[in-house]
Visitor: 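Pasting in a structure now, in structure tokens, and then I'll have a few things to ask.
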Amino acid sequence: MGCARKVKSATEAIEGVTFIDADPHSLTVNADAPLDAIVEAVNVLGYQVGNTVTVPLTGLSCGKCVAKLTRAFASNPHVFSQAVSKTEASITGLLDKDAVIRVVEATGYHVPAPSDIKGTSSDEATSEPHAETKAEYEEAPRTSTHTQQLILSGMSCASCVSSIEKAVRAVEGVNTVNVNLAERTALVSGDVDANLLITAIEQAGYGAELSEDEATRRERQAALHTAQFAEHKRNTWLALGLGAPLMLWGMLGGTMSVESTASQIGWGIIAVVTLLLLCTAGKHFFANAFKAARHHRASMDTLVALGTGSAWLYSTAVVLAPALFPEQARHVYFEATAMILGLVTLGHALEAKARASTSKALDRLLDLQPATAIIVENGQEREVALADVQAGMTLRVKPGSKIAVDGIVEEGDTFVDESMLTGEPLAVRKTQGDTLHAGTINQHGSLLFKATGIGSDTMLSRIIQLVRQAQSSKPALARMADTVSAIFVPTVMIIAILTALGWYNFGPDPKLSFMLVTATTVLIIACPCALGLATPMSVTTGVGRAAELGVLIRDAEALQHASRIDTVVLDKTGTLTEGKPQVTSILAMHGTDDDLLRIAASLEQGSEHPLAKAVIDAANDRALSLSAVSQFEGIPGKGLKAVIDGQSYLLGNARLLEENHIVLSAHANAAKNVAMQGETAVYLATDGQLLGIIGISDPLRHDSKAAVTRLNALGYKVMLLTGDHPDTANAIAALAGIEEVVAGVLPDGKADEITRLQAQGRRVAMIGDGINDAPALAKAEVGIAIGSGSDVAIESAQMTLMRHSIDAATDGLLLSKATLRNMKENLFGAFVYNSLGIPIAAGVLYPLTGTLLSPVVAGAAMALSSITVVMNANRLRWFTPKRGNA
């Protein structure tokens with residue numbers, strides 16, 4: 001402390017310093033003084049100034065991960081303080097950024113793009129032993145997270161996803177990349193030029209183009225989809241047009257072998273026609289397989305090209321030189337080549353048609369915004385394109401019309417249907433000063449409003465961007481599937497070679513025919529299309545359906561965590577209650593009720609707390625004149641201190657007064673009566689004595705009781721967690737039907753309570769307002785911000801409810817369960833299909849049945865597996881949350 005006193009004395013002498021506190025590890029200064037002067041004063045004494053390093057994090061999936069990393073930093077003697085969330089760590093102390101990264105990675109997590117991480121500079125002054133002092137003088141700048149979307153072409157399976165992601169990650173400046181096979185898009189974050197990304201993808205053997213905005217993406221993807229579907233349809237007819245007659249010929253007793261010169265000529269003609277088919281309908285399989293080979297990888301196209309190509313080459317060799325083959329091995333497989341191409345392409349066509357419906361939810365959001373708007377200038381109205389609307393313009397919206405941009409009502413009175421954004425079925429009244437959102441519908445009256453948010457700044461645009469990012473993200477299940485897919489195709493090729501060798505060395509005659517059939521069938525049936533589509537189809541559809549239900553999901557990881565939740569923790573104010581507190585009782589111990597209310601309202605002028613508005617509104621209703629306030633000091637979780645006319649006042653909860661040695665025991669019964677009525681007691685005191693108590697009530701929302709009942713019926717444990725007085729909290733909990741209550745806790749105490757629940761093995765979803773409950777939201781497996789749809793809520797929570805109702809959170813949890821179940825169904829089907837299909841294709845049943853699986857049947861099965869996955873995922877589009885037991 002001697003060192004701390006030296007630092008304190010040196011900094012107190014700096015002009016402009018109004019408050020200073022120091023201990024052996026930290027220096028806190030309130031000052032209107034240059035920052036450099038404070039740092040220099042510390043350095044002159046020979047002490048070392050620490051720095052703050054903020055780094056992004058990946059791999060943290062729940063509150064336990066956060067706690068684990070927090071403990072790792074807390075145990076480091078060179079760390080003074082740490083703030084860790086699932087996405088970021090801010091460390092203050094003597095560690096530089098490289099040391100911080102080493103701690104993160106040693107704990108088992110990762111810091112993406114370390115070259116982009118910056119921390120505040122650290123002075124290199126020599127320190128005396130045990131005399132290190134830090135100054136928290138500058139917050140570290142955060143990593144740039146510019147996000148770009150690319151439209152991809154040339155993809156065929158999950159191995160393509162892995163190849164593109166690997167190529168993009170190699171570009172300097174890329175933080176994260178998520179490739180969505182279902183949508184054929186890539187979402188890339190980082191400070192990097194789009195041309196570099198496109199070049200990297202093209203060098204990997206694929207095509208890419210930048211999507212400037214959602215409208216452009218939609219238009220371009222629709223054009224690509226139409227072109228691809230038309231191409232698949234044409235190629236299907238060509239291939240089946242040749243393959244079906246050839247197959248019927250064999251089934252009706254026609255010979256499929258080269259037995260004479262005439263049959264040799266006939267099959268020679270068929271060989272040429274089939275070659276033309278391979279060069280047209282099958283061209284893209286071989287072109288993509290060649291590109292993959294050039295880049296030392298294999299894909300689904302590689303398997304199809306090898307299977308159809310080997311069948312054609314073998315058959316052509318039989319036609320050209322039948323004498324080289326045993327008589328029983330002179331069978332040709334041109335019908336297999338054509339039918340495989342036809343069935344695989346038919347599968348692609350049906351899959352593409354089904355995939356087009358997965359983004360319908362996002363397309364419906366895009367359709368909400370009108371193409372034009374009516375602007376009012378100099379009393380004249382004119383209709384302009386939406387792109388011409390600028391912030392600050394005055395716009396007119398007529399009855400029945402969609403609101404073009406976000407804005408504030410300046411004139412008019414109407415009801416607005418916001419159900420398409422919030423899911424709230426009832427129209428909301430809008431009058432002067434109220435907020436309007438783009439995409440909502442004006443029902444009756446005409447409005448004049450001022451544009452405040454245009455283009456990407458509207459809530460609708462932010463929602464669309466959030467949905468797009470969530471649809472492109474990947475849960476742990478998807479990453480597992482990607483890992484398997486990356487090695488799957490090479491493994492299948494090895495199995496096909498081993499199968500061919502086995503039949504050639506140990507199989508019956510005709511060995512060559514059996515070898516060809518089994519190897520080709522293994523290659524065709526093992527195409528990993530279904531495996532690659534299994535999770536992205538479910539995520540894309542599930543996130544889109546959630547948006548329709550008024551639930552914005554931040555990423556697919558949140559879906560997976562939300563599906564396992566067993567405990568739901570609720571905040572009180574604004575969650576269970578309306579969030580619009582009102583003064584319902586005033587108990588003055590000295591003076592009149594108006595005097596008490598006037599002083600309290602004057603003090604609350606500098607506060608942003610919801611209870612402050614209730615006190616000020618009550619004073620305004622009584623037309624009380626408020627006094628000027630000085631030396632205002634807000635005390636988080638307790639209240640405030642301030643001075644009026646030279647008199648110092650305290651206004652807040654019981655804890656604030658007790659800490660300032662004001663005895664409340666004489667008024668305990670009065671405070672208890674206030675709390676028993678479900679009111680929050682706000683105490684006003686001065687000169688060591690209590691002046692009075694103001695009771696503020698926040699009524700229970702009309703649907704809260706039913707929502708809690710539904711959660712209980714679905715098997716969730718429900719808890720109320722609030723900073724309010726226990727008596728008030730218990731009164732509200734009783735009205736809502738909640739049995740487990742934890743009250744009187746500060747914001748950091750809420751986070752500790754979440755940690756306690758997790759230590760008991762519970763998986764916790766925290767539902768709060770996204771701001772005051774931020775620590776608890778970050779600690780919980782799933783943080784759910786309710787009601788406001790504000791920027792802070794959207795950015796801070798893993799789920800944001802556009803509908804101010806706990807019921808919406810329940811819908812989100814149930815949809816998460818359904819989506820994860822859908823993913824597992826898809827993955828199970830894909831794995832089981834390949835696990836059973838490959839051995840059967842290799843001929844394990846031949847000793848029992850005496851027959852082999854036809855390559856044509858394998859092609860049909862492979863196409864059917866992909867279609868099944870897509871159709872199963874599309875079931876989520878019609879998901880309706882249950883009202884009873886899950």
Side-chain angles (χ1 to χ4, degrees), residues 570-589 592-605 607-622 624 637-640 651-657 664 667-685 690-708 719-738 741-746 750 767-769 771-773 786-788 804-806:
L570 302 173
D571 177 42
K572 182 179 75 70
T573 305
T575 303
L576 271 177
T577 62
E578 292 284 356
K580 299 176 181 177
Q582 301 172 351
V583 172
T584 48
S585 65
I586 301 175
L587 180 61
M589 281 70 177
T592 66
D593 290 355
D594 282 359
D595 289 337
L596 183 70
L597 185 60
R598 180 184 61 79
I599 296 172
S602 299
L603 295 169
E604 294 283 26
Q605 290 178 97
S607 174
E608 297 179 355
H609 195 280
L611 298 183
K613 186 176 185 303
V615 174
I616 293 172
D617 287 345
N620 290 337
D621 290 342
R622 299 192 184 194
L624 302 177
K638 299 175 184 177
L640 59 89
L651 181 69
N653 57 24
R655 185 183 291 117
L656 175 66
L657 272 65
L664 300 178
H667 308 285
N669 289 333
K672 187 171 184 179
N673 290 335
V674 169
M676 292 297 290
Q677 296 173 30
E679 298 175 343
T680 298
V682 177
Y683 298 84
L684 177 64
L690 182 67
L691 297 181
I693 304 173
I694 298 175
I696 300 177
S697 175
D698 185 10
L700 194 71
R701 284 186 56 82
H702 67 280
D703 60 351
S704 288
K705 181 175 176 59
V708 171
M719 172 192 286
L720 178 61
L721 181 61
T722 177
D724 213 337
H725 190 278
D727 289 339
T728 304
N730 285 319
I732 291 294
L735 291 174
I738 300 174
V741 180
V742 176
V745 291
L746 298 176
K750 289 186 177 183
I767 307 178
D769 61 13
I771 302 171
N772 294 335
D773 300 304
I786 188 168
S788 67
H804 193 151
S805 172
I806 302 169

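Sequence positions, counted from 1, serve as the residue numbers for this chain.
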Visitor: Can you tell me how far CD1 of I616 sits from CG of L624, rounded to the nearest 0.5 angstrom?
Guide: 12.0 Å
Visitor: Using the side-chain contact (heavy atoms from CB on, under 4.5 Å) definition, which of the options L664, L691, I694, L651 pairs with Y683?
Guide: L664
Visitor: Are any of the side-chain heavy atoms of L721 and L570 separated by less than 4.5 Å?
Guide: no
Visitor: What heavy-atom pair brings L640 and E604 nearest, and what distance separates the two atoms?
Guide: CD2-OE1, 3.5 Å
Visitor: Looking at G737 and V708, what are the two nearest heavy atoms and their distance?
Guide: O-CG1, 3.9 Å
Visitor: Give the minimum heavy-atom separation between Q605 and S602, together with the two atoms involved.
Guide: NE2-O, 3.0 Å
Visitor: Does a side-chain heavy-atom distance below 4.5 Å link D571 with L576?
Guide: no
Visitor: List in chain and number order the residues that pass side-chain contact (heavy atoms from CB on, under 4.5 Å) with T577, two or more places apart in sequence or in another chain; answer none if no residue qualifies.
Guide: K572, T573, D698, I732
Visitor: Is any side-chain heavy atom of M719 closer than 4.5 Å to one of V742?
Guide: yes
Visitor: So how far is it from K750 NZ to T722 OG1, rounded to the nearest 0.5 Å?
Guide: 5.5 Å
Visitor: List in chain and number order the residues that pass side chain to side chain donor-acceptor pair (under 3.5 Å) with N620, two or more places apart in sequence or in another chain; answer none if no residue qualifies.
Guide: none
Visitor: Might you point out which heavy atoms bring I586 and V583 nearest each other, and give the distance in Å?
Guide: CG1-CG1, 3.9 Å
Visitor: Identify the two heavy atoms, one from V674 and one from G695, that lie closest to each other, and give their separation to 0.1 Å.
Guide: CG1-CA, 4.0 Å
Visitor: Would you please name every residue forming a side chain to side chain donor-acceptor pair (under 3.5 Å) with R655, sequence neighbours left out?
Guide: none
Visitor: Could you check M589 against L596 for side chain to side chain contact (heavy atoms under 4.5 Å, CB included), going step by step and ending with a plain yes or no?
Guide: CA-CA 9 Å; M589 281 70 177; L596 183 70; over 6 Å; no
Visitor: Looking only at heavy atoms, what is the nearest atom pair of S704 and I806, with distance?
Guide: OG-CD1, 4.3 Å
Visitor: Got a sec, which residues hit side-chain contact (heavy atoms from CB on, under 4.5 Å) with P726, two or more places apart in sequence or on another chain?
Guide: N730, A743
Visitor: With a 4.5 Å heavy-atom cut-off, do H667 and L587 have their side chains touching?
Guide: no
Visitor: Once side chain to side chain donor-acceptor pair (under 3.5 Å) is applied, do any residues pair with D617, and if so which ones, sequence neighbours excluded?
Guide: K613
Visitor: Distance alone, cut at 3.5 Å: any donor-acceptor contact between the side chains of T584 and E679?
Guide: yes
Visitor: Go through the structure and list residues passing side chain to side chain donor-acceptor pair (under 3.5 Å) with D594, not counting sequence neighbours.
Guide: R622
Visitor: Begin with the C-alpha distance, continue with both residues' side-chain angles, and end with the deciding distance and a verdict on side chain to side chain contact (heavy atoms under 4.5 Å, CB included) for L684 and L690.
Guide: CA-CA 6 Å; L684 177 64; L690 182 67; 5.8 Å; no
